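A quick note: this is a predicted structure, and the numbers were derived from the prediction, not measured.
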Amino acid sequence: MTNKIPIYKAMTNFFPDNPDMTFEEFLMSYLERLNNFSETLDLQEAVNIIDTLNKNISDGKTIFTCGNGGSASIAEHFVCDLVKGTSTDSTAYPRAIPLLITPLLTAVANDISYDEIFSFQLSKLANKGDILLSVSSSGNSPNIIKAIEMANELDVTSISFVGFDGGKAKEISNFCLHVPSNNYGICEDAHHVLMHVISQYIR
């Protein structure tokens, strides 16, 4: 008899691998796994992304961000750090907009499709030379994929922060920073670190 794949298979690495681990053991294991992401980071890709963001900012273009769940929080946080943090006492003035405004997002989801919540907005707001920065642990969320596809169609540069195996987002984005972990927490923590490093370095 073939075992059915659990619906929430992606969550299996969200919790301790061994339920008998002490808190101290789990803490040290978690921190070790988080630290490992720096060893696998594509530094040249990170440099390419910095150069692309700097040019976007210098040209007065717009950075759009999107994500689901915890990744939505990171996408919004990135806008906060760019618009407020990066521009404070600085010569850099990023223009950044999260595609996460609740009334607009829910209107598109309700009247059109949840899969279109980001791509629809991008089709109305973005111009050539703008940037879409998407955050997705799986890299396979349909609304993220559609947003990247719309960005590519509009000649908007697509940058993705992904985890797990990178998913389709890694394949179709212009630039991608990949955290190869199946643990949502590790992926999101690493994406937060990248967001902070990028916004502070640009400043």
(request) Determine the minimum heavy-atom distance between Gly67 and Phe118, stating which atoms define it. (result) O-CZ, 3.4 Å

(message) Within this structure, what is the OG-NZ distance for the pair Ser136 and Lys170, rounded to the nearest 0.5 Å?
(response) 13.5 Å

(request) Taking side-chain contact (heavy atoms from CB on, under 4.5 Å) as the test, write out the residues that go with Ala109, two or more places apart. (result) Tyr114, Ile117

(request) Please round to the nearest 0.5 Å and tell me the distance separating atom OG of Ser141 and atom CG of Asn68. (result) 4.5 Å

(request) Mind listing the closest non-hydrogen atom pair of Ala75 and Thr65 along with its distance? (result) O-OG1, 3.0 Å

(request) Please list, chain by chain and in numerical order, all residues satisfying salt bridge (Lys or Arg N to Asp or Glu O under 4.0 Å) with Asp155, sequence neighbours excluded. (result) Lys128

(message) Working note: Asn143 + Ser119, criterion side chain to side chain contact (heavy atoms under 4.5 Å, CB included); need CA distance, chi angles, decisive distance, verdict.
(response) CA-CA 7 Å; Asn143 53 21; Ser119 58; over 6 Å; no

(request) Following the transitive rule for hydrophobic clusters with a side-chain heavy-atom cut-off under 4.5 Å over Ile, Leu, Val, Met, Phe, Trp and Tyr, establish whether Leu132 and Ile74 coincide in one cluster. (result) no

(request) For Ala126 and Leu154, work out which heavy atoms get closest and say how close. (result) CB-CD1, 4.3 Å

(message) Do Val156 and Ile145 sit in one hydrophobic cluster, given that two such residues count as connected whenever their side-chain heavy atoms are within less than 4.5 Å of each other, even indirectly?
(response) yes

(message) I need the minimum non-hydrogen distance between Leu177 and Ala46, along with the two atoms involved.
(response) CD2-N, 3.8 Å

(request) Flag the pair Leu122 / Phe64 as yes when at least one side-chain heavy-atom distance between them is below 4.5 Å, and no otherwise. (result) yes

(request) Mind jotting down which residue pairs meet the salt bridge (Lys or Arg N to Asp or Glu O under 4.0 Å) criterion with at least one end in residues 69-85? Sequence neighbours excluded, please. (result) none

(request) Could I get the full list of salt bridge (Lys or Arg N to Asp or Glu O under 4.0 Å) partners for Glu116, not counting sequence neighbours? (result) Lys146

(message) Asn35: which residues meet the side-chain hydrogen bond (donor to acceptor under 3.5 Å, both in side chains) condition with it, sequence neighbours left out?
(response) none

For residues 195-203, which side-chain donor-acceptor pairs fall under 3.5 Å, sequence neighbours excluded?
residue: His196; atom: ND1; partner: His192; partner atom: O; Å: 3.4
residue: His196; atom: NE2; partner: His77; partner atom: NE2; Å: 3.4
residue: Ser199; atom: OG; partner: Met195; partner atom: O; Å: 3.0
residue: Ser199; atom: OG; partner: His196; partner atom: O; Å: 3.2
residue: Arg203; atom: NE; partner: Gly85; partner atom: O; Å: 3.4
residue: Arg203; atom: NE; partner: Thr88; partner atom: O; Å: 2.9
residue: Arg203; atom: NH2; partner: Thr88; partner atom: O; Å: 3.0

(message) Tell me whether Asp130 contacts the main-chain N or O of Asn127 through its side chain, where contact means a donor paired with an acceptor under 3.5 Å.
(response) yes

Would you list the atom pairs, donor with acceptor, under 3.5 Å between side chains in residues 93-105 and any protein atom, with sequence neighbours excluded?
residue: Tyr93; atom: OH; partner: Ser90; partner atom: O; Å: 3.3
residue: Arg95; atom: NH1; partner: Gly60; partner atom: O; Å: 3.1

(message) I'd like to know whether Ile148 forms a side chain to side chain contact (heavy atoms under 4.5 Å, CB included) with Ser134, so could you lay out the CA-CA distance, the side-chain angles of the two residues, the decisive distance to 0.1 Å, and finally the verdict.
(response) CA-CA 8 Å; Ile148 297 171; Ser134 59; 3.8 Å; yes

(request) Using only heavy-atom distances, determine whether the side chains of Asn174 and Ser158 contain a donor-acceptor pair under 3.5 Å. (result) yes

(message) As an exercise, state the distance from CG of Asn140 to CD of Glu171, rounded to the nearest 0.5 Å.
(response) 8.0 Å

(request) Answer yes if the side chains of Asn183 and Tyr30 hold a donor-acceptor pair under 3.5 Å, and no otherwise. (result) no

(message) Between Cys66 and Ile144, is there a side-chain heavy-atom distance shorter than 4.5 Å?
(response) yes

(request) Can you sort out the partners of Asn56 under side-chain contact (heavy atoms from CB on, under 4.5 Å), two or more places apart, ordered by chain and number? (result) Lys61, Ile63, Ile131

Indicate every side-chain donor-acceptor pair of residues 162-169 with a distance under 3.5 Å to a residue at least two apart or in another chain.
residue: Asp165; atom: OD1; partner: Gly167; partner atom: N; Å: 3.0
residue: Lys168; atom: NZ; partner: Glu149; partner atom: OE2; Å: 3.3

(request) Name all pairs fulfilling the ring pair (Phe, Tyr, Trp, His ring centres under 6.0 Å) condition that reach into residues 134-162, sequence neighbours left out, sorted by first residue then second. (result) Phe161-His191

(request) Mark yes or no for whether Ser160, through its side chain, and Ser173, through its backbone, hold a donor-acceptor pair below 3.5 Å. (result) no

(request) Could you tell me whether the side chain of Thr22 reaches within less than 4.5 Å of the side chain of Phe26, counting heavy atoms only? (result) no

(request) Kindly work out whether a path of hydrophobic side-chain contacts (I/L/V/M/F/W/Y, heavy atoms less than 4.5 Å apart) joins Leu82 to Val135. (result) yes

(message) What's the separation between atom CD1 in Ile50 and atom CZ in Phe175, rounded to the nearest 0.5 Å?
(response) 12.0 Å

(message) Going by salt bridge (Lys or Arg N to Asp or Glu O under 4.0 Å), name the pairs with one or both residues in residues 96-112, residues two or more places apart or in two chains.
(response) none

(request) Would you give the length of the straight line joining atom CG of Leu41 to atom CZ of Phe37, rounded to the nearest 0.5 angstrom? (result) 6.0 Å

(request) Without swapping roles, check the side chain of Asn48 against the backbone of Gln44 for a donor-acceptor pair under 3.5 Å. (result) yes

(request) Group every Ile, Leu, Val, Met, Phe, Trp and Tyr by side-chain heavy-atom contacts under 4.5 Å, then state whether Leu53 and Leu43 land in the same group. (result) yes

(message) Is there a path of hydrophobic side-chain contacts, each under 4.5 Å between heavy atoms, that joins Phe23 and Leu31?
(response) yes

(message) What's the separation between atom OH in Tyr184 and atom OG in Ser138, rounded to the nearest 0.5 Å?
(response) 5.5 Å

(request) Apply salt bridge (Lys or Arg N to Asp or Glu O under 4.0 Å) to Lys55 and list each qualifying residue two or more places apart in sequence or on a separate chain. (result) Asp59

